[in-house]
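Beneath this line is the structure, given in structure tokens, with notes to follow.
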Number of protein chains: 2
Amino acid sequence: MNLTLRQMKAFAALVATRNFTRAAEHCSLTQSAFSTLISNLESDIGVRLFARNTRNVELTAEGEVFLNIVNHLLPETERALSEMRDHVQRRKGRVVVAALPTIFSALLPSIISAFLRDYPGIELIIEDASNGTCVDLVRNRRADFALCAYAASGAELTTETLAWDTFYFVCQKDHPLANRKRLSADDLQGHPIVVFEKASSIRQHLDAAIYPKQWLHSFQVHNLSTGVGLVTAGLGTTVVPTLALPQFDLRNLRAIPVALSINRREICLLRRKDSSESLAAQAFISLLRERLAKEVELLTSRLATAG
Amino acid sequence: MNLTLRQMKAFAALVATRNFTRAAEHCSLTQSAFSTLISNLESDIGVRLFARNTRNVELTAEGEVFLNIVNHLLPETERALSEMRDHVQRRKGRVVVAALPTIFSALLPSIISAFLRDYPGIELIIEDASNGTCVDLVRNRRADFALCAYAASGAELTTETLAWDTFYFVCQKDHPLANRKRLSADDLQGHPIVVFEKASSIRQHLDAAIYPKQWLHSFQVHNLSTGVGLVTAGLGTTVVPTLALPQFDLRNLRAIPVALSINRREICLLRRKDSSESLAAQAFISLLRERLAKEVELLTSRLATAG
DNA sequence: CACACTTACGATATTCGTAAGGATT
DNA sequence: AATCCTTACGAATATCGTAAGTGTG
């Protein structure tokens, strides 16, 4: 017995009309095809559901029993398929994104609002997380994908570079280096700077970029905002990627490009290899592919204007 | 989109095993047929449900959504079909029978117990009713069928005679006619008898059977038991069909066959013409066809022994 | 005899199994 | 190399529509 949505619909239509011809039209079938459909349904179930002659179509006792069943099952099935359709057409769903705080705050807001406008039914959850946490979240399926700075494309995970940013030296206007147009790693030797904790992605990138040399550390902080505060208060200088610059008030500070051995920080899309992302997540990803690099450009050009 | 029970079963099997080959076996299909089944399901729905390679089969995000649906819908559907099967196999159901009180009490008890033994899951409701009420109950579908004495086979209803009974004169042992072996309608002229109300089936039959003559009435009663009481108390005599005789204590009374112009009272099965009876009702009907006449014979022979 | 359901039958579409292909470990 | 999913393809099955048949009012 292989009960079919079509059989239930046909049955319901015949109950409603009590007329094969009209029920057949309602199902977009010829009367004959409809007749055999009902007849097959009856022989599948093993009992006549309709007592019919050429003038009257009525339910049998077993037809009444089946009607109760169909009255329950048919709406359930159609509701379920409609729910499924909502997901397929991206009217429903959930996207969980893990992103580095700087990426989140500097690049995502306008992309998020575009996404929410295009897919108002989709629940969007963005977790700001450290690079390592991003990787873990994706690996454990706690996030659909991540936007982070670097990741090993291993057995499970795959990365794709969507954009890059570069590094800037940030200092007070009266700093000795304040009026330089461009700086090298060597220029910064001897100037104490605020660095981020070892685990932070900025710090790891910088450590790799200037290896084997080292800069002079003044403070070591955990959060970007702490570093911003220190520099703003004139207690230090720092080196941060482009995406961190909006956190600083550049009317009173200088941001000068720094040339490093690894000059670009990649902004990576990190995904699972099994391509099990939801359609909703895929929609967000294609929006990112389309707009993330442009967002970086926009940011850079705004900074050039400000500087 | 024509969702199928088979599709849901296949999906559930694949979720459970996460292996096409084993799921295919579970569905009694070749692995290849199973693969195209899943593939067709996916293209019907419009999205991949499984992220699969040769080593791993996993649900996609949309597959999870569909799993929630199937987890709900599949048990519902199977429960419904099992319910239907119970009715088809007569493990469930309801039979409503209308029957004349004499038929009910004299013939049905042993048939009822046989039916309840054979079909323990079926609810059996027997309404004792007058002949006219029997007809109405069947016509209005309040009863599946009726056992009554006579009925016009009209446009809606059809009758079938299952058995007959005959009429007896019942009197005290010291009545003048008490030792006769056989009586004619004429023999009863001048002997006052207890009659039943005009509407009763016994009365109507007797009126028709002796027309245009009439018997002398002593009392007119509504219920058989009243008549029984009167005769037993020696306050009258009466004429009743075979099926009513068990109500009398024949150790102290005489029951003598009466030859009438319409000598036999039919015991009819009254049904609707549209043959919309439930399978349960059909089962009861075939039991009646098989055993009702035998029950009358049994009753008659017991009476002959007693008399 | 007109209307409505059923049956017959050839055409089309779907589903099946066998067998070969491709990918991953 | 072994395992597992996919694809190709011919065969079996199911479903469709046209058209003729049947029965009822």
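Throughout, protein chains are lettered first and strands after them, A, B, ... in sequence-line order, and every chain is numbered starting at 1. The figures that follow rest on heavy atoms only: side chains count, while hydrogens, waters and symmetry mates do not.
Few gaps surround CZ on B/Arg18; more than 12 heavy atoms of other groups in view lie less than 6.0 Å from it. Within 6.0 Å of NZ in B/Lys273 there are more than 12 heavy atoms belonging to other residues, nucleotides or ligands. More than 12 heavy atoms of other residues, nucleotides or ligands shown are found within 6.0 angstrom of CZ on B/Arg91. Heavy-atom contacts from other residues, nucleotides or ligands closer than 6.0 Å to CZ of B/Arg203 number more than 12.
Annotation: side-chain contact (heavy atoms from CB on, under 4.5 Å) contacts of A/Asn131 (sequence neighbours excluded): A/Leu100, A/Val135, A/Cys148, A/Ala149, A/Tyr150, A/Ser201. Looking at residues two or more places apart in sequence or on another chain, you find a ring-ring contact (aromatic ring centres under 6.0 Å, His included) between B/Phe115 and B/Tyr119, B/Phe284. B/Phe11 is linked by a ring-ring contact (aromatic ring centres under 6.0 Å, His included) to B/Phe50, B/Phe66, counting only residues two or more places apart in sequence or in another chain. With sequence neighbours excluded, the residues that form a side-chain contact (heavy atoms from CB on, under 4.5 Å) with A/Thr161 are A/Trp164, A/Glu266, A/Cys268. Partners of A/Asn53 according to the side-chain contact (heavy atoms from CB on, under 4.5 Å) rule, which considers only residues two or more places apart in sequence or in another chain, are A/Arg55, A/Asn56.
Between B/Glu58 and A/Arg141 there is a salt bridge, since a side-chain N of the basic residue sits under 4.0 Å from a carboxylate O of the acidic one.
Where A/Ala33 and B/Ser39 each meet DNA chain D at their nearest nucleotide, the meeting point lying more 5' is that of B/Ser39.
Rounding to whole angstrom units, CZ of residue B/Arg18 and P of D/dC4 are separated by 16 Å. Summarising the geometry, the separation between CZ on B/Arg55 and P on D/dT6 is reported as 14 Å, rounded to the nearest angstrom.
For the salt bridge (charged side-chain N to carboxylate O under 4.0 Å, His left out) condition, the pairs that include at least one residue of residues 147-161 of chain B, sequence neighbours left out, are B/Arg139-B/Glu156, B/Glu156-B/Arg272, B/Glu160-B/Arg289. For residues 59-82 of chain A, the set of pairs meeting the salt bridge (charged side-chain N to carboxylate O under 4.0 Å, His left out) definition, not counting sequence neighbours, comprises A/Lys9-A/Glu78.
Scanning residues 42-54 of chain A for heavy-atom distances under 4.0 Å to DNA chain C yields A/Arg52, A/Asn53, A/Thr54. A heavy atom lying under 4.0 Å from DNA chain D marks the following residues of residues 1-15 of chain A, by number: A/Arg6. Residues of residues 21-31 of chain B having a heavy atom closer than 4.0 Å to DNA chain D, listed by number: B/Thr21, B/Gln31.
Taking the 5' to 3' direction, DNA chain C first and last meets chain B under 4.0 angstrom from a heavy atom at C/dT15 to C/dT25.
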Side-chain atoms of residues 21-28 of chain A: list all donor-acceptor pairs with protein atoms under 3.5 Å, sequence neighbours left out, distances to 0.1 Å.
none

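Look at A/Ser32 and you won't find any side-chain N or O under 4.0 angstrom from OP1 or OP2 of D/dG17. Between A/Asn56 and D/dT24, a side-chain N or O to OP1/OP2 separation shorter than 4.0 Å is absent.
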